[in-house]
Every structure is written in structure tokens, then in C-alpha cells.
Amino acid sequence: MAKTARIKQAATAPVPQNEADVNAAIRKIGDLQRVQDGLKNAMDGEIATVKAGYEAPLALAAADLETLAQGVRTWCAANRDGLTGGGKVKTARFLAGEVSWRTRPPKVTVRGVVAVIDRLTDLGLTRFIRTKREVDKDAMRADPIVAAAVEGVKIASGGEDFVIKPDETKLEEII
């Protein structure tokens, strides 16, 4: 699929003087896009090589870290009462750092959202139902004259993009 170059404004760019100049400029744009693609692919290859060199040591460090953390967790669990003063505190301080126990909030899982909302409504438990009201911008785009008459609503032009799409030769066509 051909890439496109979107031009918003022509500041101090040289302006082609005829159709042949425009054709040459579009060809040059295509060439530059291919150069960019080649450089990006080379950069991605080098990044992958560097990343691969670090993956094994990182995995080893992660495994060591998990082993040590599990050992500390096990020892602290066995000595939790003494470390927390019988549950009075949630953090135990050591010379090299601290450990703490934190209670996470309860997890709520809802299956069959529509049926649950219907049941909550039937049971009068509407406090568990959130109603979200928002402006429907798609409907406003469909009827901009009426929408623009509402105070606080402005319908502006979406603008226009100038698109340059150089031709590409697919590799399969050459082979």
C-alpha cells in the first residue's frame, strides 16, 4: 500500500513550474520515502540485535530476583506477627529496606451486563447503576444546522488535506 505525504502548508518550499516538475517532485518524494523506510528497517534491525544481547542476562536477573523475593516473602510470612507488632502496623523496616502488606480493594466481576442491570433495576438497586450522558457528535455532524443553533456548539470545517501518493512497484510484479 502506498504511503502518502500530507502537506498542510507550503512555506518556503520550491514550487514546481510545470507538470514535468511536479512529476519529478512526486518521484523524488517516493524515493525519499523508500530511503526513510530503509533507514527505519536498518534501525529496527540494530535495535533487535541489541535487545537480543540483553534478553538472556535480563531473564537470569529476573529469575534470581523472583527466587530471592519468594524467600523473603516466606520468611516474613512466618514471622509476620512479630514484624507487625501483632498486626498493629503493615510495614516492617530492615536495615536494607522494608516489606509491607497491603490489602487490595475487592474485585467486582460482572457477567451478562444487560441482565445484571435489569436485575438491579427490578430489585430497586439503581444506586449500583451508572448512567453516562454525553453529546453525540456524530448526530451533530449529520444535522449541523440545527446543532449549530444550540448555544455552546460550534460546527467547524474539518479542513482539507492535500495528499501526494507516489506510485509503488510491487515486488511480486518484478519477479
Contacts under 3.5 angstrom, residues 77-89 side chains, donor-acceptor by atom type, not counting sequence neighbours:
residue, atom, partner, partner atom, Å
Asn79, ND2, Trp75, O, 2.8
Thr84, OG1, Arg80, O, 2.8
Thr84, OG1, Gly87, N, 3.0

Which pair of heavy atoms, one from [X] and one from [Y], lies closest together, and at what distance?
X	Y	answer
Lys107	Thr109	CE-OG1, 3.8 Å
Pro16	Pro14	CD-O, 3.7 Å
Met140	Val135	CE-CG1, 3.5 Å

Roughly how far, to the nearest 0.5 Å, is the [atom2] atom of [Y] from the [atom1] atom of [X]?
X	Y	atom1	atom2	answer
Asn41	Gln36	CG	CD	11.5 Å
Asp44	Asp37	CG	CG	10.5 Å
Lys40	Ile47	NZ	CD1	8.5 Å
Thr91	Trp101	OG1	CH2	8.5 Å

Would you check if the side chain of Asp161 reaches a backbone N or O of Val163 as a donor-acceptor pair within less than 3.5 Å?
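Looks like no, no N/O pair under 3.5 Å.
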Any side-chain to backbone donor/acceptor pair from Asp21 onto Gln17? Under 3.5 Å, distance only.
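Such a contact is found between Asp21 side chain and Gln17 backbone.
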How would you list all residue pairs meeting side chain to side chain donor-acceptor pair (under 3.5 Å) that involve residues 113-131, not counting sequence neighbours?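 Pairs touching residues 113-131 that pass the test: none.
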Exercise. Could you list all the side chain to side chain donor-acceptor pair (under 3.5 Å) pairs where at least one residue sits in residues 138-155, not counting sequence neighbours?
Key: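 Output for this query lists Asp138-Arg141.
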Establish whether [X] and [Y] are linked, either directly or via other cluster members, by ILVMFWY side-chain heavy-atom contacts under 4.5 Å.
X	Y	value
Ile129	Leu125	yes
Leu39	Leu32	no
Phe128	Val113	yes
Val114	Ile117	no
Val150	Val146	no

Check your understanding: Quick one: are Gln33 and Pro166 in side-chain contact, heavy atoms under 4.5 Å?
Key ->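 Gln33 reaches Pro166 side chain to side chain.
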Side chains of Val99 and Val72: does their closest heavy-atom pair fall under 4.5 Å?
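A side-chain contact under 4.5 Å exists here.
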Notebook entry, point to check: Partners of Asp31 by salt bridge (charged side-chain N to carboxylate O under 4.0 Å, His left out), sequence neighbours excluded?
Noted result: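 Partners of Asp31 by the salt bridge (charged side-chain N to carboxylate O under 4.0 Å, His left out) criterion, ordered by chain and then number, come out as Arg34.
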> Which residues satisfy the salt bridge (charged side-chain N to carboxylate O under 4.0 Å, His left out) test with Glu134, sequence neighbours excluded?
Replying inline: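 So Glu134 forms a salt bridge (charged side-chain N to carboxylate O under 4.0 Å, His left out) with Lys132.
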For [X], I'd like to know if atom [atom1] has over 12 heavy atoms of other residues, nucleotides or ligands within 6.0 Å.
X	atom1	answer
Glu98	CD	yes
Tyr54	OH	no
Arg102	CZ	yes

Inset, instruction - Output all residues satisfying side chain to side chain donor-acceptor pair (under 3.5 Å) with Arg73, sequence neighbours left out; order by chain, then residue number. - result: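 Checked Arg73 against side chain to side chain donor-acceptor pair (under 3.5 Å); matches are Gln70.
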Check your understanding: Are Arg93 and Ser100 linked by a side-chain donor-acceptor pair shorter than 3.5 Å?
Key ->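 No, Ser100 and Arg93 have no side-chain donor paired with an acceptor closer than 3.5 Å.
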